[in-house]
A.B. asks: 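Take this structure, written in structure tokens, and hold onto it; I'll ask about it next.
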Amino acid sequence: MEQIVPREKWLYNDRGMMKWMGWLLSDHSAFMEGEKVKEKLTPVKPEMEVGIISEKLKDAWENSKPVTVQINVMENDEYVPEIEGVVVGFNSGQIYLQLDSGETRLLHLEEIRYAGIQKNGKWWTDGYTI
């Protein structure tokens, strides 16, 4: 049995088959990327003192090094996935991280459980010169 839905009740503007496969592929890729992040098990890092976390983040900020941060939040008896980015600012216990996606995330120093400097960052953050 065929169901015909009037065009004004469509959920999106159908551009026809010409762009359909590209739309499907991009949506599938975005979905798979999100699933990869969800499936990634977060190992429990040792809890650090606030002073040590502050020193590591200050070093990362001064030298533009990428960091990995684990916040002290648990979901389903596991810590949420680690946050990776570059420290772009700080103010009164607030840390601003720029993520790889370009998004800026605000964290409070008290909610950070672990902070570490990434060893293998992007080539432009390693002091690479021509």
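Here the structure is a predicted model, which is why all the values come from computation and not from measurement. By convention here, the first residue in the shown sequence is residue 1.
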A.B. asks: As an exercise, state the distance from OH of Tyr96 to CG of Leu106, rounded to the nearest 0.5 Å.
C.D. replies: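 Separation between the atoms: 5.0 Å.
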A.B. asks: Measuring from atom CD1 of Ile53 to atom NZ of Lys56, what distance do you get when rounded to the nearest 0.5 angstrom?
C.D. replies: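 Reported value, rounded in 0.5 Å steps: 10.0 Å.
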A.B. asks: Of the non-hydrogen atoms in Pro66 and Val86, which two are nearest, and what is the gap between them?
C.D. replies: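 Taking Pro66 first and Val86 second, the nearest heavy atoms are CA-CG2, 4.2 Å.
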A.B. asks: To the nearest 0.5 Å, how far apart are CD in Gln70 and CE in Met48?
C.D. replies: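 Gln70 atom CD to Met48 atom CE measures 11.0 Å (nearest 0.5 Å).
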A.B. asks: Rounded to the nearest 0.5 Å, what's the gap from NZ on Lys65 to CD1 on Ile117? Could you check?
C.D. replies: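 So the NZ of Lys65 and the CD1 of Ile117 are separated by 4.5 Å.
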A.B. asks: Does any part of the side chain of Tyr79, heavy atoms only, come nearer than 4.5 Å to the side chain of Val44, both counted from C-beta?
C.D. replies: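 Val44 reaches Tyr79 side chain to side chain.
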A.B. asks: If we only count heavy atoms from C-beta on, is the Glu55 to Asp59 side-chain gap below 4.5 Å?
C.D. replies: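 Side-chain contact under 4.5 Å: no.
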A.B. asks: Before you tell me yes or no, could you show the steps for Leu107 and Val69 under side-chain contact (heavy atoms from CB on, under 4.5 Å), namely the whole-Å CA-CA distance, both residues' side-chain angles and the distance that decides it to 0.1 Å?
C.D. replies: CA-CA 10 Å; Leu107 298 172; Val69 175; 4.0 Å; yes
A.B. asks: To the nearest 0.5 Å, what is the distance between CZ on Phe90 and CH2 on Trp61?
C.D. replies: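 One gets 4.5 Å once the value is rounded to the nearest 0.5 Å.
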A.B. asks: Quick one: are Gln118 and Glu84 in side-chain contact, heavy atoms under 4.5 Å?
C.D. replies: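 Counting from C-beta outward, Gln118 and Glu84 do come under 4.5 Å.
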A.B. asks: How many angstroms lie between atom CD1 of Ile71 and atom CD of Glu82, to the nearest 0.5 angstrom?
C.D. replies: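 One finds 11.0 Å between CD1 of Ile71 and CD of Glu82.
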A.B. asks: Could you list the residues that satisfy side-chain hydrogen bond (donor to acceptor under 3.5 Å, both in side chains) with Glu47, not counting sequence neighbours?
C.D. replies: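 Glu47: side-chain hydrogen bond (donor to acceptor under 3.5 Å, both in side chains) contacts with Arg113.
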A.B. asks: As a test of understanding, state which of Ile83, Leu57, Asn72 forms a side chain to side chain contact (heavy atoms under 4.5 Å, CB included) with Ile112.
C.D. replies: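 For Ile112, the side chain to side chain contact (heavy atoms under 4.5 Å, CB included) check succeeds only for Leu57.
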A.B. asks: Got more than 12 heavy atoms from elsewhere within 6.0 Å of CD, Glu62?
C.D. replies: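 Result for CD/Glu62: enclosed.
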A.B. asks: Between Val88 and Leu97, is any pair of side-chain heavy atoms under 4.5 Å apart?
C.D. replies: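 They are not in side-chain contact.
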